Amino acid sequence: MTGLTPVSKETGRVSVSEQVKFTNVEPGTELAQESYQVTRLSLVKYCGASGDFNVIHWNERIAKSVGLPNVIAHGMFTMAEAGRYVTDWAGDQAELVEFGVRFSSPVVVPDDDAGATIEISGKIEEKLDGNRVVLALTARSSESKVLTRARAVVRLP
Amino acid sequence: MTINRDYLGRTFPAADPYEVSRVKIADFADAIGDPNPVFRDPAVAQAAGHADVIAPPTFAIVISMAGSARAVADPGLGVNYAMVVHGEQRFEYSRQLMAGDIVTAQATITDIRDAGRNVLLTTKTEIRTVDGEHVCTAHSTLVERGGAG
């Protein structure tokens, strides 16, 4: 165990490895796709953590009665996974300046152990002054685009 | 019931001060399945240049919703909340929220417009520390399905 690199007590993960630098970023670069699982348990936990207990996120009977195919994930859960994608790529030394999405279709979460999968990918759209980089993001679940106009502006070291 | 256009431009009272805690941040990070130690371990956060653990970017919604609820839940505005879905969300950050922050959120209604059979209601919510430091501005568009006409 090195004494210089901060390692999390909880996860054992080194946090500052492979910090992406502004000078090394090229517009047009496609970033690797990542997959994020969302189950009914995820939604129950998110209800509690966020304080958003809208019944369509945990009650199948009511979700179906208002015309939804099943329980759906919070839009903000999907945006949170997109945020995770951005911060994982940008690293701990980066600063998020702006982050926006449009919720284009719901993530439907069936009552089974696998739940739904949200697939997120990104592309370096442009470099701006002040070491800022614009990322364009794509998020899909079950072949539907669940986010559109999703973009993040990050200030890199 | 239709949304009251007279509310366009109105600013609502700020929500009560909210104290951001390490435990709440860790709960939120657990709920979104993000294992990043910068949300849990002060030593890791400090190595990255922060005074304490920072919150994941969308944690700001927890604070901003307390402010925008003052607008959306105002009976005079006339929102039928059962028919509301989230349309768009955008955050502008001066910095990330962190443990120890005591913040308030104040919402303004910036747009009310019809989109087909729906009504779009947009709020801008400013999150500031109780000392007045700007942390984040949240722009939220809610869609009231079937709310037009």
Side-chain angles (χ1 to χ4, degrees), chain A residues 5-16 19 36-38 42-52 54-56 62 66-68 72 74-84 86-88 91-104 106 148-149 151-153 157, chain B residues 18 23-50 53-66 69 81-96 136-143 145-146:
Chain A
T5 313
V7 175
S8 166
K9 280 172 258 171
E10 232 168 274
T11 64
R13 225 182 75 159
V14 175
S15 71
V16 291
Q19 174 63 53
Y36 305 95
Q37 216 62 28
V38 46
S42 319
L43 299 184
V44 170
K45 287 168 79 174
Y46 189 81
C47 284
S50 68
D52 181 349
N54 190 331
V55 287
I56 59 174
I62 295 177
V66 297
L68 295 167
I72 62 168
H74 303 72
M76 287 308 300
F77 183 92
T78 304
M79 188 175 186
E81 300 312 315
R84 181 179 166 191
V86 172
T87 54
D88 279 350
D92 287 351
Q93 322 247 309
E95 278 173 60
L96 188 57
V97 178
E98 197 179 323
F99 182 30
V101 304
R102 174 182 272 194
F103 303 103
S104 49
T148 54
R149 293 196 198 166
R151 80 202 262 290
V153 182
Chain B
Y18 180 104
V23 169
K24 187 70 188 176
I25 290 174
D27 278 353
F28 190 87
D30 286 346
I32 65 172
D34 191 331
N36 194 333
V38 77
F39 306 135
R40 296 175 176 82
D41 187 332
V44 171
Q46 282 156 15
H50 309 292
V53 293
I54 58 167
T58 61
F59 183 78
I61 197 74
V62 176
I63 317 290
S64 68
M65 269 177 53
Y81 204 66
M83 296 306 286
V84 163
V85 294
H86 204 166
E88 290 179 50
Q89 184 65 43
R90 185 163 60 88
F91 299 103
E92 294 159 1
Y93 303 95
S94 291
R95 63 168 173 82
Q96 292 302 313
C136 175
T137 300
H139 302 268
S140 217
T141 300
L142 299 180
V143 181
R145 295 186 291 143

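Every chain is numbered from 1, with letters handed out A, B, ... down the list of sequences. Nothing here was measured: the structure is a model prediction, and the numbers come from that model.
Looking only at side-chain heavy atoms (C-beta outward), B:Asn36 and A:Asp92 come within less than 4.5 Å of each other. Residues A:Phe99 and B:Thr58 have side chains in contact (heavy-atom distance under 4.5 Å, counting atoms from C-beta outward). Looking only at side-chain heavy atoms (C-beta outward), B:Pro56 and A:Thr87 stay at 4.5 Å or farther from each other. For the pair B:His86/A:Pro106, no side-chain contact is recorded, criterion being any heavy-atom separation below 4.5 Å from C-beta on.
A 6.0 Å sphere centred on CZ of A:Arg84 holds more than 12 heavy atoms belonging to other residues, nucleotides or ligands.
Your options are A:Met79, A:Arg151, A:Arg149, A:Glu95, and the one with the most heavy-atom pairs under 4.5 Å with chain B is A:Met79. Contact count versus chain A (heavy atoms, under 4.5 Å) is highest, among B:Ala138, B:Gly87, B:Gly49, for B:Gly87.
With a threshold of 4.5 angstrom between heavy atoms, B:Ile32 approaches chain A through its backbone and through its side chain. In this structure, the portion of B:His50 lying under 4.5 Å from any heavy atom of chain A is its side chain and not its backbone. Only the side chain of A:Phe77 comes within contact range of chain B, with at least one heavy atom under 4.5 Å from a heavy atom of that chain. Contacts of B:Arg95 with chain A are absent, with no heavy-atom separation under 4.5 Å from either backbone or side chain. For B:Gln96, the part lying under 4.5 angstrom from a heavy atom of chain A is the side chain only.
Remark: side-chain polar atoms of A:Lys45 are not paired, donor with acceptor, to backbone N or O of B:Phe28 under 3.5 angstrom.
Within the model, atoms CD of B:Glu88 and OG of A:Ser104 stand 10.5 Å from one another, a figure rounded to the nearest 0.5 Å.
Counting all heavy atoms, side chain and backbone alike, B:Ile61 lies closest to A:Tyr46 at CG2-OH, 4.0 Å.
Electrostatic pairing of A:Glu98 and B:Arg90 counts as a salt bridge here, judged by a charged N lying under 4.0 Å from a carboxylate O.
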